[in-house]
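Presented below is the structure to which this report refers.
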Protein chains: 2
Amino acid sequence: MNSKKGVTIYDIAQQLKITPSMVSRALSGNGYVNDATRQLVRETAEALNYKRNTVASNLRMGQTKTIGVIVPRINQNFFANVIAGIENIAYEKGYSLIICQSDEQNEKEVKSVNTLINQRVECIVISVSADSYNYKHLQNVIDQGIQLIQFDRVAEDLDTLKVINDNEQASFDAIRHLIEQGYKKIALLEGPQNLAIFRQRKNGYLRALKQHGLPVKDDYIIENAWTKELGAAATKKLLGFNDAPDAIFASTSDFSALGVLEVANQLNIKVPSQLGICGYSNEAFTEITSPSITTVDQYSVDMGKTVANLFFDRIEEQADAIAAKTVSIKPELIIRGSTSRMV
Amino acid sequence: MNSKKGVTIYDIAQQLKITPSMVSRALSGNGYVNDATRQLVRETAEALNYKRNTVASNLRMGQTKTIGVIVPRINQNFFANVIAGIENIAYEKGYSLIICQSDEQNEKEVKSVNTLINQRVECIVISVSADSYNYKHLQNVIDQGIQLIQFDRVAEDLDTLKVINDNEQASFDAIRHLIEQGYKKIALLEGPQNLAIFRQRKNGYLRALKQHGLPVKDDYIIENAWTKELGAAATKKLLGFNDAPDAIFASTSDFSALGVLEVANQLNIKVPSQLGICGYSNEAFTEITSPSITTVDQYSVDMGKTVANLFFDRIEEQADAIAAKTVSIKPELIIRGSTSRMV
DNA sequence: TTTCTATATGCAATCGATTGCACAAATTTA
DNA sequence: TAAATTTGTGCAATCGATTGCATATAGAAA
């Protein structure tokens with residue numbers, strides 16, 4: 001009971017003078033076992049405080065019941081929510097989660113992928129880092145016969161399951177809403193254009209302007225403004241123009257939108273009457289700023305659940321022939337005070 | 001290269017007409033290997049896209065280089081931050097993280113502990129769920145010879161490493177600050193008293209009142225008010241008293257404090273002049289409410305790093321004789337608008 | 001030249017659980 | 001009662017990597 005090494009099925013077998021095979025069968029429920037024997041094995045296992053060694057079991061069975069998840073930052077609301085969603089479904093199915101954080105660095109992402117492959121996880125779920133410049137490591141996952149599911153930030157060229165928000169549509173909706181509220185000079189704070197999500201959001205912006213006959217001014221499009229500080233700086237620049245915008249869509253994040261709001265307050269520019277502000281992500285705080293911030297809810301927990309369900313559907317149907325597909329979750333525009341000037 | 005089964009050291013050995021032992025040595029760097037052979041092995045491994053099977057390796061070596069983490073909710077800022085902190089250190093040391101979520105349910109917590117034991121993780125890091133009524137499952141971890149580190153919400157009776165905030169002191173500091181600001185009738189929103197952290201915060205509250213000669217009114221202590229809604233309800237009740245409090249310390253969370261603030265705004269009670277409000281956790285939003293909310297920063301990422309470092313220190317020093325100890329991280333009172341009426 | 005040592009390699013056991021196959025005992029069916 | 005099933009049990013191989021021990025070869029020291 002207190003020996004240094006753990007208790008194994010051999011110990012149980014020895015004690016009961018039966019073979020390890022029988023112990024294994026009794027405990028796993030596979031194959032024939034006399035009820036009395038099974039009962040005895042269970043009791044002995046309990047008494048010895050036996051814990052099945054999953055490592056050994058996994059090796060023999062050639063499976064690990066483990067999903068690997070790689071995100072840029074664990075402690076970013078959106079990703080934490082997605083992970084929580086995945087965990088929910090995985091737990092029900094008896095699967096474990098190994099979590100890696102790429103810290104937005106390609107190198108760390110590559111290493112994490114390799115670790116997960118080595119661990120023989122059955123599926124790798126990933127949202128790529130901002131500085132990922134190529135996707136050999138992801139192709140590798142596929143070559144190893146491991147399921148690969150991308151979400152949110154996806155490498156579009158790779159033929160995998162993908163779960164994304166319809167960023168283009170959400171962005172379009174946001175701009176249309178601004179236009180309907182009477183804003184005519186709408187600026188865009190955009191994210192790194194090597195990531196598809198940000199390109200899509202930009203496209204939605206462009207399409208909406210075009211469809212409503214508004215001109216696109218290059219000056220109104222600010223690159224890489226995705227922190228509060230960068231959002232603030234961008235705003236100062238934009239509001240300094242002779243022909244300053246009357247609305248700013250922070251397509252990168254709510255933090256960026258917050259920076260916009262703070263600068264507006266600072267400059268005593270009234271929101272929403274003089275300036276409309278729309279963010280992205282529906283962070284908790286957007287509800288409680290004054291005015292509250294209009295934003296886009298990405299249904300992050302649902303996204304995680306969708307990802308997990310895709311994996312389980314696939315393995316349960318044995319249908320690895322199912323073509324790669326993209327599931328698009330429609331985000332929802334949450335209209336709040338920062339854009340509501342026509343009441 | 002594309003056979004169904006993965007490439008093993010046997011495949012490499014066969015190709016080079018050497019033994020698997022040599023391949024293992026060449027790849028791991030243990031034992032003598034001719035440079036030429038090593039080079040050849042490396043190239044072949046690369047060419048065949050060999051990936052070492054960690055499962056097999058772990059079984060043989062009797063280690064897993066894995067840490068298990070159990071938290072009530074992954075997508076709660078504080079916990080996500082702690083996990084991020086742990087991940088940071090673990091990654092440097094080449095360790096992986098298996099994450100479980102107890103959803104505040106004892107049953108799920110127990111199952112998660114067992115899964116982690118079965119996986120033979122080398123350390124289990126846990127913050128216990130709110131409805132944990134006994135700690136047999138944790139005792140079990142210790143009995144299995146697995147390191148157990150508790151953080152934040154800890155079972156005090158268990159003789160383990162613990163990393164906590166000095167909740168009592170932080171709470172004391174908060175109340176003292178309120179008193180210094182001239183508040184005299186301070187109410188407390190308290191959390192489930194079966195959790196030590198909430199008892200400690202209450203103690204800090206009581207000690208501060210006593211030390212400053214203020215009376216303790218039972219009416220001013222509201223149980224289990226740890227969501228925004230419950231905080232709001234509690235506030236309505238408190239402000240309805242003939243002798244209503246002039247300050248509310250939401251020791252449970254910032255969300256609760258937010259509920260307080262919203263009710264105050266609703267009732268047109270001025271914060272901080274008529275009512276002081278102090279929260280707990282330093283959630284991002286506390287900075288941007290109006291007024292901003294005074295709160296306690298728990299240094300959550302550091303907490304995660306501390307936890308991980310404790311584990312690595314211990315295994316690196318081989319010093320499992322080190323007595324269980326408690327590391328206390330001093331939280332910091334962040335003073336903001338909601339309590340600053342004397343400027 | 002002989003002895004010794006450092007280096008290189010192979011053999012076979014091991015980690016712990018699972019399972020196909022063989023055989024025996026018990027039970028059912030013909 | 002004999003033949004056919006259904007159960008119960010054991011044996012030994014297997015999953016893939018690692019490592020102690022034995023052996024062989026090279027070069028170095030005596």
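In this text the structure is predicted, and so the values were computed from the model without any measurement. Heavy atoms only: backbone and side chains are in, while hydrogens, waters and symmetry mates are out. Throughout, a chain's letter reflects where its sequence line sits, starting with A, and its residues are numbered from 1.
Between the C1' atom of dC15(C) and the NZ atom of K51(A) lies a distance of 20 Å, rounded to the nearest Å. Summarising the geometry, the separation between CE on M22(A) and P on dA17(C) is reported as 16 Å, rounded to the nearest angstrom. The distance between atom CD1 of I9(A) and atom P of dG10(D), rounded to the nearest whole Å, is 13 Å. One can place CD of Q63(B) at 12 Å from C1' of dA17(D), the figure rounded to the nearest angstrom. Separating the CG atom of L59(B) from the P atom of dA17(C) is a distance of 9 Å, rounded to the nearest angstrom. Counting to the nearest Å, the P atom of dA8(C) and the CD atom of Q39(B) are 14 Å from each other. For N118(A) and dA17(D), the CG to C1' distance is 12 Å, given to the nearest whole Å. Here dT9(C) presents its P atom at 10 Å from CG of D35(B), a figure rounded to the nearest Å.
Each of dG16(C), dA6(C), dA17(D) was ranked by its minimum atom distance to the side chain of Y50(B); first place goes to dA17(D). Among the nucleotides dT9(D), dA17(C), dC11(C), the one closest to the side chain of T19(B) is dC11(C). The side chain of N53(A) sits closest to dA17(C) out of dA8(C), dC11(D), dA17(C).
Among the protein residues, N30(A) comes within range of the sugar-phosphate backbone only, with heavy atoms under 4.0 Å from sugar or phosphate atoms but none that close to a base. Residue contacts for T54(B): at a heavy-atom cut-off of 4.0 Å it reaches no nucleic acid atom on any strand shown. Among the heavy atoms of the strands lying under 4.0 Å from R25(A) is at least one base atom, whether or not backbone atoms are also near. Across all strands shown, L27(B) has no heavy atoms under 4.0 Å from either base or sugar-phosphate atoms. Here M61(B) lies in heavy-atom contact (under 4.0 Å) with sugar-phosphate atoms only.
Side-chain N/O atoms of Y10(A) and base N/O atoms of dA17(C) include a donor-acceptor pair closer than 3.5 Å.
The residue among S24(B) and S21(A) whose nearest nucleotide of DNA chain D lies closer to the 5′ end is S21(A). When each of K17(B) and S57(A) is assigned the nucleotide of DNA chain C with its nearest heavy atom, K17(B) is the one assigned upstream, toward the 5' end. Taking for each of N34(B) and V23(A) the nucleotide of DNA chain C with the nearest heavy atom, the 5'-most of the two is the partner of N34(B).
Put simply, the side chain of V41(A) does not reach to within 4.5 Å of the side chain of M22(A), judged on heavy atoms. The closest side-chain heavy-atom distance from E87(B) to I99(A) is not below 4.5 Å.
Using cut-offs of 30° and 60° on the angle between ring planes, the pair F78(A) and F151(A) is tilted.
Heavy-atom neighbours of Q14(B) CD from other residues, nucleotides or ligands within 6.0 Å: at or below the threshold of 12. The number of heavy atoms from other shown groups lying within 6.0 Å of CD (Q39(B)) is above 12.
Within the structure, every side-chain polar atom (N or O) of Y32(B) is placed at least 4.0 Å from both OP1 and OP2 of dA8(C). Between T37(A) and dT9(D), a side-chain N or O to OP1/OP2 separation shorter than 4.0 Å is present.
The CZ atom of R25(B) sits 12.5 Å away from atom CG of L27(B), with the distance rounded to the nearest 0.5 Å.
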